[in-house]
Amino acid sequence: MPLSDAAIRAKRSTGKLWDGNGLYLLVETGRGGSLRRGWRLRYTLHGKERLLSLGPYPEVPLKRAREKRDDIRRELAEGIDPAAKRRAEKGARADTFKAVAEEWIAAQAKRLHADTLSRIRDRLAKWVYSTLGAAPVAGITADSVLASLRRIEAADRHETAHRTRADVSRVLRYAVATGRATR
């Protein structure tokens, strides 16, 4: 029998509440004894049973969980592995300029003073992330960097533009070194 929101809210013990077609709500005891609820989808691919998380309840309501289940079932029918697709999307998000910059800053924590790292992070956040932060690091061109630097110069902050150019250059060299950009 399909689930209802009332049945979900009434569940006060740990266990699984099945909805159908592999979708269920896993109820677990969290920290402090509170109950955590999360959607899971059980499916079979190439003869192996797999499990995929669809998000926590109530952030992902019952209707949305069913929509996600149906979307994943359509992908499976087309031969697409939903877990592999999710990993690829996550990897693509990790190759944005902002993600690579934050990774570079974390890698420099042993070499540079905390104040220096803070200033670099602040410069990038204020002047660069708004224009280049979401861009794939492999697709960043000299023109796009120059456009960000022109904004800083337009604010009559020439020294800041010079330092920001050096910071962006270091991040892009790190991206090349880690194989996420070619130039």
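Counting begins at 1 with the first residue of the sequence. As the structure is a computational prediction, the values presented were derived from the model and not from experiment.
- When the side-chain contact (heavy atoms from CB on, under 4.5 Å) test is applied to Ala83, the partners found at least two apart in sequence or on another chain are Tyr43, Leu52, Asp81, Arg87.
- Note that the OG atom of Ser118 and the CG atom of Leu112 stand 12.0 Å from one another [nearest 0.5 Å].
- Contact of the Tyr24 side chain with the Trp39 side chain is not registered, since no non-hydrogen atoms from C-beta on lie closer than 4.5 Å.
- Distance alone, capped at 3.5 Å, is enough to place a donor-acceptor pair between the Arg151 side chain and the Trp127 backbone.
- Side-chain contact check for Ser148 and Thr131: at least one donor-acceptor pair (N or O, by modelled atom type) lies under 3.5 Å.
- Looking only at side-chain heavy atoms (C-beta outward), Trp18 and Arg42 come within less than 4.5 Å of each other.
- Between Ile105 and Ile120, the closest side-chain pair of non-hydrogen atoms falls below 4.5 Å.
- Looking at Arg121 and Glu102, a side-chain N of the basic residue comes within less than 4.0 Å of a carboxylate O on the acidic one, giving a salt bridge.
- Put simply, the side chain of Asp19 gets close to the backbone of Leu3: a donor and an acceptor are under 3.5 Å apart.
- A donor-acceptor pair under 3.5 Å is absent between the side-chain atoms of Arg180 and the main chain of Pro136, judged by distance alone.
- One N or O on the side chain of Ser4 and one on the backbone of Ala7 form a donor-acceptor pair closer than 3.5 Å.
- The pair Asp70-Arg73 fails the salt-bridge criterion, with no side-chain N (NZ, NE, NH1 or NH2) lying under 4.0 Å from an Asp/Glu carboxylate O.
- Proximity of a side-chain donor or acceptor of Thr178 to a complementary backbone N or O of Tyr174 within less than 3.5 Å is detected.
- At a threshold of 4.5 Å between non-hydrogen side-chain atoms, the residues Leu132 and Val145 count as touching.
- Leu23 and Leu45 end up in the same hydrophobic cluster when Ile, Leu, Val, Met, Phe, Trp and Tyr side chains are linked at under 4.5 Å.
- Taking hydrophobic clusters as Ile, Leu, Val, Met, Phe, Trp and Tyr residues chained together by side-chain heavy-atom distances below 4.5 Å, Leu35 shares a cluster with Leu62.
- Side-chain atoms of Lys68 come within 3.5 Å of backbone atoms of Leu54 as a donor-acceptor pair (strictly under, hydrogens ignored).
- For the pair Asp71 and Arg74, the salt-bridge criterion is met [side-chain N within less than 4.0 Å of a carboxylate O].
- Counting all heavy atoms, side chain and backbone alike, Ser53 lies closest to Arg86 at O-NH1, 2.7 Å.
- Here Glu153 does not pair with Arg157 in a salt bridge; the nearest charged N to carboxylate O distance is not below 4.0 Å.
- When side chains are defined from C-beta on, Val27 does not count as touching Arg36, because their heavy atoms never get closer than 4.5 Å.
- Across every non-hydrogen atom of Ala175 and Val137, the tightest pair is CB-CG2, 3.7 Å.
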